[in-house]
Amino acid sequence: MFSYRDGQLYCEDTALAGLTKDYPTPFYVYSRKVIKERIATLKDLFAPVDAVLAYAVKVNNNLSILNVIAGEGLGADIISRGELYRYLKAGGDPKKVVFSGVAKTEEELRYAIERGIRLINTESIPEIAAINSIAADYGRKVDIAIRINPDVAADTHHKITTGKKGNKFGVSFETVKKNAAMIRGLTNVRLTGIAMHLGSQIMKAKPYYDAIMKAKDVLTWLKGEGFAVTSLDIGGGIGVPYKKGDAPFDFETYKRDVIPLLASLGVTIIVEPGRYLVAESAALIMKVIYIKEEGEKIFVAVDAGMNDFQRVALYDAHHEVLPLVDSKKTFSADVVGPICESSDYFTKDRVMPVVAAGDYIALMGTGGYGYSMSSNYNGREHIAEIMVDGAKSRVIRRAQTLEEMVTQEIEYLNA
Ligand code: LLP
């Protein structure tokens, strides 16, 4: 949905250079169609399975984006009270919500239980005890799952692998046995399933196959112990090709090996896709402020920074840079932001089209873990988000104002 027409970069039928006349940079621009298409692809993939798609809200929690996703009937995987608040505000159905995380507070659990969410994925015995006691206050019996750690290598960046022994997430088969024995003695929780999440930006089907085989053993054991388990949550993780020429996720093998395995388990499969649905739906549009030359190096200094988009600074992630007006000549340059940290760059020694001060460029694949990880660091206001639908565009979040940036503090000044 992002491509050049007559040398102009378009998002759907909207020329991005035109948008820079209407909205000050930097801003995120989203294609609604990409999100819709991705949802359709996953619905199609999981059609042979009794599946519930629960979008991982952390990836992008803009209300209008959640509204598109909830409108397609997707549930939500949440990690906080705030994510549940957002998903429900956007029109989501609480009965399709699963709550993950190792450190859910009592306040958050109460909030979720009051709203009648579908499932809480538990991580520890004290957490299960807390849920049981809160559920008792409401005279309710709450469905819970145990998150297992399948100890499978997801072959991804070390900061985003979660399903390996030693990660803070999930428990071993041995611990499942202990936790299940404890749950048996509780009156206000019902063990209805198991959950896992292998990691993020996974490109192959094999880690899923291996982990699901392990989960199958746990499900079989639980059934044998008399637990009425009805669901397996396989988490998220399907990756996207950020780099031009990289292969996409191996859907073919997944369809051939993983889907029939899931269909054979006789339980509802909960899937928590995030990145796959939204990452490639957006570009971060920024303006070139200066070209700084230093010896051999060329620095393209732009008006967006690591506070607006953190993935490069945090994970050395690769994101493509495209000028809004195509240029045939290339140079090797570092695209750098205004933040006073050396990690504030979007490319390093990248061969890219030549750009000059005043030009606009797009950082691609920034719709997931983009705005949702942004901050006010260096006293910079949160930026705007624009949604494109065909030839039309609309603001889905306006930029923060300077006044708004200080609203939570101003009343305490000189107090
Ligand atoms: N479910 C659970 C329990 C998760 O922890 C995550 C992501 C997902 C689902 C969604 O995974 P996805 O389908 O998006 O891979 N900030 C990092 C990624 C952190 C992943 C956190 N968990 C990045 O920008 O690469």
Side-chain angles (χ1 to χ4, degrees), residues 35 38-39 41-42 45-46 52-61 65 69 74-80 83-84 87 96-104 119-123 145-150 154-164 167-171 193-205 207-208 211 215 232-243 248-249 251 254 269-282 284 306 308-319 346 363-375:
I35 302 172
R38 294 300 171 93
I39 293 172
T41 304
L42 288 195
L45 176 68
F46 288 100
V52 172
L53 299 181
Y55 168 69
V57 176
K58 62 175 76 76
V59 186
N60 187 309
N61 63 29
I65 286 173
I69 292 170
L74 271 69
D77 159 49
I78 58 154
I79 195 75
S80 69
E83 288 189 349
L84 178 54
Y87 173 72
K96 293 181 182 168
V97 174
V98 299
F99 195 173
S100 307
V102 288
K104 308 175 194 83
L119 187 67
I120 303 176
N121 291 335
T122 66
E123 295 263 0
I146 298 175
R147 176 156 167 184
I148 60 166
N149 184 324
D155 189 19
T156 183
H157 192 279
H158 70 97
K159 283 192 185 166
I160 53 176
T161 179
T162 46
K164 271 300 279 174
N167 293 138
K168 71 175 174 181
F169 302 102
V171 301
I194 59 171
M196 59 188 184
H197 173 70
L198 311 183
S200 201
Q201 185 58 7
I202 298 169
M203 302 310 278
K204 300 221 157 59
Y208 286 99
L232 166 65
D233 181 341
I234 60 168
I238 296 179
V240 299
Y242 283 113
K243 202 172 186 171
F249 180 80
F251 281 112
Y254 196 95
I269 304 300
I270 300 169
V271 195
E272 302 171 351
R275 187 190 314 265
Y276 178 73
L277 297 183
V278 293
E280 290 175 292
S281 75
L284 172 56
M306 66 186 272
D308 302 310
F309 187 73
Q310 291 213 49
R311 296 198 72 255
V312 182
L314 266 182
Y315 317 115
D316 299 319
H318 180 103
H319 287 265
F346 295 124
L363 189 69
M364 306 304 294
T366 45
Y369 304 108
Y371 188 96
S372 69
M373 292 176 69
S374 67
S375 78

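Order of appearance sets the numbers: ligands from 1, and atoms from 1 within every ligand. Since this is a predicted model, take the numbers as computed values, not measurements.
- Ranking the protein heavy atoms by distance from atom 15 (O) of ligand 1 puts S200 OG, 2.4 Å first.
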Give the intermediate values and the outcome of ring pair (Phe, Tyr, Trp, His ring centres under 6.0 Å) for residues F249 and Y254. CA-CA 9 Å; F249 180 80; Y254 196 95; 5.7 Å; yes
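- A salt bridge does not link R147 with D233: every distance from a Lys NZ or Arg NE/NH1/NH2 to an Asp or Glu carboxylate oxygen is 4.0 Å or more.
- Ligand-side atoms of ligand 1 in range of R147: 3 (C), range being under 4.0 angstrom from any heavy atom.
- Residue A56 approaches ligand 1 through these ligand atoms, each under 4.0 Å from one of its heavy atoms: 8 (C), 9 (C), 10 (C).
- Not one N or O of Y276 is nearer than 3.5 Å to an N or O of ligand 1, by distance alone.
- At least one N or O atom of R275 sits closer than 3.5 Å to an N or O atom of ligand 1.
- The distance from the CG atom of L53 to the CG atom of D77 is 12.0 Å, given to the nearest 0.5 Å.
- With ligand atoms numbered from 1 in the order given, ligand 1 contributes 16 (N) to contacts under 4.0 Å with heavy atoms of M373.
- For an aromatic pair to be called close, the ring centres must be under 6.0 Å apart, and Y369 with Y315 fails this.
- In this pair, H319 and F309 present their aromatic rings perpendicular. The plane angle is above 60°, beyond the 30 to 60° band.
- Remark: ligand 1 atoms within the under-4.0 Å shell around heavy atoms of E272 are 1 (N), 2 (C), 3 (C), 9 (C), 10 (C), 13 (O).
- How far OG of S200 is from NZ of K58: 8.5 Å, rounded to the nearest 0.5 Å.
- Proximity to G237 (heavy-atom distance under 4.0 Å) selects the following atoms of ligand 1: 11 (O), 12 (P), 13 (O), 15 (O).
- Of the inter-residue distances, the one linking M364 atom CE with F346 atom CZ reads 14.0 Å to the nearest 0.5 angstrom.
- Considering each of Y242, Y315, F99, the one bringing a non-hydrogen atom nearest atom 17 (C) of ligand 1 is Y315.
- Ligand 1 lies nowhere less than 4.0 angstrom from a heavy atom belonging to Q310.
- Ligand 1 has a nitrogen or oxygen under 3.5 angstrom from a nitrogen or oxygen of G274.
- Between S100 and ligand 1, not a single N/O pair is under 3.5 Å apart.
- Between atom OH of residue Y55 and atom CG of residue N61 there is a gap of 7.5 Å, rounded to the nearest 0.5 Å.
- Not a single N or O atom of V59, backbone or side chain, sits closer than 3.5 Å to an N or O atom of ligand 1.
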